Number of protein chains: 2
Amino acid sequence: MAQMSHRAAMLLLLVAAVLSVTAAASAASSRSNPHPLDPLTPEEVTAVRAAVLASPLVPARPLTFHYVGLDEPDKADVLAYAYGGTGTGGLSSRPPLPRRALVVARAGGQSHELRVDIASNGTSATVLSHAVHRGAGFPILTLEEQFAAVALPPAYPPFVDSVRRRGVDMDDVLCAVFPVGWFGGGGAGAGAPKRVAKMLCFVAGPTANFYARPIEGVTMVVDLDAMAIVGYRDRVTYPVPKAEGTDYRAGKTGPPLAGLQPAPGVAVQPEGRGFHIDGHVVRWANWEFHVGFDMRAGTVISLASVHDADAGTRRRVLYRGFVSEVFVPYMDPVEEWYYRTFLDAGEYGLGLWAFPLQPGADCPANAAYFDGSYAGQDGKPVSGENRICVFERYAGDVAWRHTEAGFPARLITEVRPDVTLVVRMVVSPGNYDYILDWEFKTSGSIKFVVSLTGLLEVKGTSYTHADELTVDAHGSLVSENTLAIYHDHYVTYHLDLDIDGTNNSFVKNIITARRNTGDPATGGADTPRRSYWTVRREVAETESDGQADVNAGPADLLFVNPGKKTRMGHEVGYRLIPSGATAASVLADDDCPQRRASYTKKQVWVTPYSKAEKWASGLYADQSTGADSLTAWSRRNRGIRDEDIVLWYTLGLHHIPYQEDFPVMPTLSGGFELRPSNFFERNPILRIRPPSPHGASANCSCYSR
Amino acid sequence: MAQMSHRAAMLLLLVAAVLSVTAAASAASSRSNPHPLDPLTPEEVTAVRAAVLASPLVPARPLTFHYVGLDEPDKADVLAYAYGGTGTGGLSSRPPLPRRALVVARAGGQSHELRVDIASNGTSATVLSHAVHRGAGFPILTLEEQFAAVALPPAYPPFVDSVRRRGVDMDDVLCAVFPVGWFGGGGAGAGAPKRVAKMLCFVAGPTANFYARPIEGVTMVVDLDAMAIVGYRDRVTYPVPKAEGTDYRAGKTGPPLAGLQPAPGVAVQPEGRGFHIDGHVVRWANWEFHVGFDMRAGTVISLASVHDADAGTRRRVLYRGFVSEVFVPYMDPVEEWYYRTFLDAGEYGLGLWAFPLQPGADCPANAAYFDGSYAGQDGKPVSGENRICVFERYAGDVAWRHTEAGFPARLITEVRPDVTLVVRMVVSPGNYDYILDWEFKTSGSIKFVVSLTGLLEVKGTSYTHADELTVDAHGSLVSENTLAIYHDHYVTYHLDLDIDGTNNSFVKNIITARRNTGDPATGGADTPRRSYWTVRREVAETESDGQADVNAGPADLLFVNPGKKTRMGHEVGYRLIPSGATAASVLADDDCPQRRASYTKKQVWVTPYSKAEKWASGLYADQSTGADSLTAWSRRNRGIRDEDIVLWYTLGLHHIPYQEDFPVMPTLSGGFELRPSNFFERNPILRIRPPSPHGASANCSCYSR
């Protein structure tokens with residue numbers, strides 16, 4: 001410390017005072033005047049539960065809660081609340097809007113949909129409407145019923161036999177619940193499908209990575225309403241892969257290897273954080289938005305607007321955005337694998353499977369956190385700490401720069417470092433982990449990044465070397481007796497863009513090659529140049545024009561407000577820039593899993609806004625048939641020109657596993673950017689401040705306790 | 001400071017001691033035992049100059065130096081030097097190899113190619129060979145001749161007239177040199193093309209952004225050898241765009257806007273830097289590589305190898321990688337624009353147009369820097385400070401993680417933060433700025449990122465509003481009288497991969513849809529699943545198989561060593577993952593600019609290694625015809641299976657400008673990743689250390705002087 005004393009004359013700026021983790025979160029639940037898009041508070045969930053259980057509309061018992069979430073007010077009301085009558089200005093505090101909840105419950109073998117009004121005191125509620133779901137599909141599986149289901153096999157004699165025959169100790173066995181998918185038939189009435197799931201089991205033993213050790217060949221079917229095993233098949237026996245080399249826990253992998261370690265880095269903000277959290281509203285630099293949490297969608301970003309410093313106005317960009325579905329089909333047609341065609345949001349719930357973020361690891365030291373509470377199966381609120389983090393990122397990148405060497409005897413260099421704001425959630429639905437980032441940039445861009453990590457879903461096999469494989473094994477041999485099955489990941493975003501207002505159009509600016517005609521009247525010129533490209537503009541009229549395969553040919557895909565023009569006469573807009581992960585599904589159109597998620601054949605769909613159209617594979621995604629899906633809605637071919645439109649973007653990866661992905665996969669990322677394109681009159685960050693003196697300074701230090 | 005004292009009992013770790021900027025750089029030039037791939041030192045350049053000027057082989061004067069660079073030893077010798085006879089082990093210090101230089105000079109109206117041997121004392125040299133270049137094309141333009149050329153117009157009467165007629169003050173005028181491209185004809189002998197360039201002029205006046213204010217319609221042709229204006233045309237007059245709103249310098253744009261500012265971030269490394277620089281060799285975590293500098297290619301990364309901690313061996317990944325060419329064709333066929341089809345590396349030199357990086361802005365505070373010295377036109381060494389920076393990046397990202405919720409009553413979360421190593425150069429060839437990053441990851445990946453920023457190349461026009469445009473204007477109206485012309489950027493990397501050894505193969509693992517036959521003998525199964533995909537493996541035999549359009553269909557593109565297999569029997573390999581910026585040229589094949597850079601129609605080319613095949617558009621790129629180019633070499637259709645092969649990857653963007661890109665463009669990025677894929681036996685960073693206690697700590701502070 002002595003060395004420090006001679007620095008006494010230096011200006012001590014600010015020790016980076018990171019807010020306590022709970023400060024931001026508790027602020028949200030203690031407010032008496034909730035924002036209309038705030039997630040339900042624990043108190044509200046409690047009131048909703050009481051109202052549902054007290055309602056004579058659903059007398060059957062037991063009643064289980066599968067989804068409890070905000071039934072948000074009509075968009076017009078929210079816009080009026082947020083921006084006032086003019087549709088501009090910041091998120092303000094106005095009289096609260098009525099608070100309502102949507103509840104999906106199971107009782108008496110039926111799915112019930114209830115809309116519940118919450119009194120303004122937040123502690124009592126009334127059921128407004130009730131309907132029994134008559135179509136295909138079932139609600140999200142609750143965590144509790146999955147835990148109940150996996151407790152059944154150890155007491156189920158045929159399974160006990162199967163385990164014994166394999167020489168496995170039942171104490172080492174863990175099971176997991178897998179949705180059955182949908183393979184034709186179904187519908188309501190007599191002979192209607194039951195709410196069943198598959199159960200598959202694994203051997204943990206000494207490893208935490210039980211997914212690496214399947215008891216391959218044994219499939220159980222559990223009736224989730226009856227909570228009983230109703231189907232059992234022990235079809236084939238393969239060796240259980242070894243535990244050795246599968247664990248990923250510190251201390252179980254051997255000590256850290258000296259030759260492998262970079263020096264740790266810490267993000268320090270000498271002037272403190274630059275963002276402010278007011279309830280669920282985040283204000284940072286020129287951005288303002290609302291961060292919500294939903295047990296199905298996870299993070300929900302609403303009312304994102306950007307301050308146009310040159311114009312002196314706040315301008316709308318996005319009304320509401322969230323991950324609508326995550327489709328993960330595996331590519332092995334055999335009995336134990338053919339149905340693995342997961343819809344992670346609709347079957348499992350992204351918010352339900354988001355767990356506490358590790359400060360300093362999942363998010364840097366300068367992060368703040370939001371809780372994400374939800375309703376348990378019994379309808380009671382479950383607190384969920386640290387489900388979403390928000391932090392300013394300085395990755396050493398540049399926002400803009402130029403070096404000008406054209407002036408005699410002087411060199412001009414202007415550089416502006418790039419600090420961005422990240423909103424992150426991590427979802428771990430079973431074996432995989434999805435790191436889902438929203439990155440806001442002062443330039444007006446929003447970047448979406450999905451990073452995949454976690455564990456592979458593997459199949460037990462007798463193979464121990466690739467040379468033994470003679471027929472298609474549907475996967476990669478990543479370790480002895482361990483096939484990592486080929487699969488895809490499709491993450492579908494629902495993005496209700498409101499570019500500078502509600503009504504927008506979707507425009508494809510298609511890069512089109514031209515021969516030089518030599519004739520100025522057609523854009524040619526009498527020069528030796530023979531070809532060039534120009535832009536052919538297509539404005540989508542109806543939903544059939546609203547689809548795009550981003551790999552089909554070069555084009556800028558824009559979302560414009562045809563009612564607002566720049567000084568130069570361009571419609572104000574944002575454009576979509578894919579950045580890797582542009583795979584589309586190659587499954588057959590008539591294959592049932594593809595019918596449920598047929599929108600994965602194109603990355604881009606544009607639909608008119610409808611409050612009911614949130615979930616790309618339907619509200620009841622478990623055993624869904626595709627009848628309620630983005631493709632089905634879009635088949636109506638509604639008008640989308642100068643309408644309130646929604647962009648559905650599907651980011652996709654075909655995953656051929658490699659040995660490096662085992663036993664835990666190094667992060668693989670893909671994403672896309674929404675970038676202002678004639679939205680601003682000029683570069684909106686021309687007047688961002690030059691580099692901070694801290695940037696070049698090494699006078700930063702860290703202490704540990 | 002008083003507040004600090006009570007922390008005396010805490011463990012003071014390490015104040016992030018950033019090495020002085022010059023330490024790393026001066027280390028490189030003062031070594032007596034250079035690495036065979038080290039760039040020429042200033043002393044060596046001096047010796048080479050003396051040898052060339054003293055040589056009777058080129059008696060003509062004046063003699064100008066256009067390229068002076070390392071003529072690297074044969075690959076086999078370098079490999080033996082670096083890895084010893086076995087081809088494994090680290091970069092070691094062995095007896096130095098002979099040092100040679102390649103010189104391209106102009107004298108007597110001819111291009112001369114000289115190979116020069118440098119004595120082991122580094123201070124004297126001998127010309128080994130000399131040849132006159134007889135084919136098409138000319139060497140890189142020197143900076144000095146460009147400065148000399150732009151001094152001519154103010155004294156050239158027709159230009160003085162043109163300027164006066166436009167009401168412009170000659171003191172405000174700046175000119176720049178533009179290569180003429182190639183539009184047919186040419187070759188050596190009588191009537192051979194002269195070494196000419198176009199000159200275009202601009203009005204600076206009060207703005208630094210003179211590119212925004214073209215004197216449109218006036219074209220000069222300068223004979224660079226004679227240094228005289230030999231062509232002049234004032235074809236058309238357009239208003240010179242206003243200066244207002246074009247400047248980007250701090251203090252010229254108005255004060256920073258309060259509502260726009262994020263809080264600054266600083267990268268702090270509490271335990272100091274994790275990398276070590278020994279001359280030009282960088283060692284960091286499991287990586288080791290050599291950083292070179294070339295006046296044409298800019299950064300050159302060589303002998304990159306990764307330590308395989310599980311195997312206890314160092315393994316080769318890349319012999320040599322650099323940006324071979326940057327092709328930037330504009331899309332306006334008119335007289336003043338048709339020829340703007342830049343080859344930035346071959347015409348201007350990426351290293352020549354790399355300027356000092358701004359510490360704390362271009363690179364974070366924890367960066368170290370390399371100099372890049374080069375030879376001036378007179379052959380004398382020119383020192384270039386801070387041309388390349390190296391820094392550890394902690395962006396808040398995750399290397400791998402998993403949360404396991406499957407165990408009853410316990411939640412396992414393991415997270416490893418991702419710290420990477422970035423090697424960065426910024427090239428500003430005229431109006432544009434390219435930020436060129438190599439990012440090394442402990443997972444074994446190398447990520448390549450190109451970020452575009454800087455100024456648009458604009459055309460003066462009479463238009464002041466988009467509604468006035470009736471014919472194709474070939475660009476976007478970004479400001480009054482200012483058309484930003486459509487253009488492309490193609491950055492072509494030369495990547496001599498040596499995956500675990502010299503001989504590699506190129507494999508396309510093509511994602512192939514299959515119907516379920518129901519027959520296990522063909523990979524089917526008796527289940528309701530109707531389709532799936534599998535992998536069809538194609539090994540490229542010859543160069544015609546070595547081309548790939550990455551947008552044509554889904555495939556993993558691998559580079560494997562067929563002589564090395566993993567424990568599981570897979571050929572060890574790396575795969576190429578594009579991440580945005582996958583545009584390919586749409587120019588006509590018979591258009592001359594496209595003939596010079598015809599490789600830009602496919603992102604991927606694979607060729608057998610040849611020391612002579614470095615520059616995708618030829619060694620003499622100025623006025624090149626495509627006769628010496630990647631496409632021409634590849635037409636020989638040589639074998640590339642189990643050979644020493646080179647990957648040429650072209651990253652491409654079609655740029656439709658938007659108003660936000662004016663007056664300086666917010667950074668737009670694209671890139672690709674080379675990712676180990678069955679290279680390691682398992683996740684190579686399983687044993688990376690868990691999060692540092694600093695990661696979650698807020699006990700970091702910064703001071704400013």
Side-chain angles (χ1 to χ4, degrees), chain A residues 1 15 18 183 250 256-257 262-265 268 270 274 285 309 331 333-334 338 355 359-361 364 394-396 402-403 415 419 428 443 454 465-466 472 513 516 523 525 527-532 569 579-580 586 588 591 658 666 677 687 689-692 695-696 698-703, chain B residues 8 15 18 183 250 256-257 262-265 268 270 274 285 309 331 333-334 338 355 359-361 364 394-396 402-403 415 419 428 443 454 465-466 472 513 516 523 525 527-532 569 579-580 586 588 591 658 666 677 687 689-692 695-696 698-703:
Chain A
M1 297 311 298
V15 174
V18 174
F183 289 89
L257 287 169
V268 175
M331 298 297 157
V334 297
Y338 78 89
F355 299 103
Y394 173 59
H402 182 59
T403 294
V415 189
V419 175
S428 308
S443 64
H465 193 278
D472 189 352
N516 179 9
T527 62
R529 184 71 174 267
R530 294 190 184 171
S531 70
Y532 56 91
S579 180
V586 299
D591 202 1
Y658 295 92
S677 299
R687 292 172 72 179
R689 70 178 160 187
S692 140
N699 294 320
C700 296
S701 55
C702 298
Y703 303 80
Chain B
V15 174
V18 174
F183 289 89
L257 287 169
V268 176
M331 297 298 155
V334 298
Y338 77 89
F355 298 103
Y394 172 60
H402 182 58
T403 294
V415 190
V419 174
S428 307
S443 63
H465 193 278
D472 190 352
N516 179 9
T527 62
R529 183 72 175 264
R530 294 190 185 171
S531 70
Y532 57 91
S579 180
V586 299
D591 201 1
Y658 296 92
S677 300
R687 292 172 72 178
R689 70 178 160 187
S692 138
N699 294 320
C700 295
S701 55
C702 298
Y703 304 81

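Just the heavy atoms: all of them, side chains too, but no hydrogens, waters or symmetry mates, feed the values below. Chain identifiers are assigned alphabetically (A, B, ...) following the order of the sequence lines, protein sequences preceding nucleic acid strands; residue numbering begins at 1 within each chain. These figures come from a predicted structure and were not determined experimentally.
Between chain A and the residues B:Arg530, B:Arg687, B:His465, the most heavy-atom pairs under 4.5 angstrom are made by B:Arg687. Here B:Pro666 is the residue among B:Pro666, B:Ala309, B:Ala513 with the most heavy-atom pairs under 4.5 Å with chain A. Per-residue heavy-atom pair counts under 4.5 Å with chain A were compared for B:Ala525, B:Ala285, B:Gly274, B:Pro333, and the maximum is reached by B:Pro333. Of the listed residues (B:Ser443, B:Ala250, B:Gly454), the greatest number of heavy-atom pairs within a distance under 4.5 Å of chain A belongs to B:Ala250.
Across all their heavy atoms, B:Val419 and A:Ala263 have their closest contact at CG1-O, 3.6 Å.
The main-chain N or O of B:Gly580 is never found under 3.5 Å from a side-chain atom of A:Ser579 such that the two would form a donor-acceptor pair.
Annotation: B:Tyr338 is not in aromatic contact with A:Tyr532 [ring centroid separation under 6.0 Å not met].
Both the backbone and the side chain of B:Thr403 come within contact range of chain A, each with at least one heavy atom under 4.5 Å from a heavy atom of that chain. Both the backbone and the side chain of A:Ser677 come within contact range of chain B, each with at least one heavy atom under 4.5 Å from a heavy atom of that chain. Only the side chain of A:Pro690 comes within less than 4.5 Å of a heavy atom of chain B; its backbone N, CA, C and O stay farther away.
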- List the steps and the verdict of side chain to side chain contact (heavy atoms under 4.5 Å, CB included) for B:Thr527 and B:Asn516. CA-CA 8 Å; B:Thr527 62; B:Asn516 179 9; 3.6 Å; yes
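The side-chain heavy atoms of A:Pro264 and B:Arg689, taken from C-beta on, include a pair separated by under 4.5 Å.
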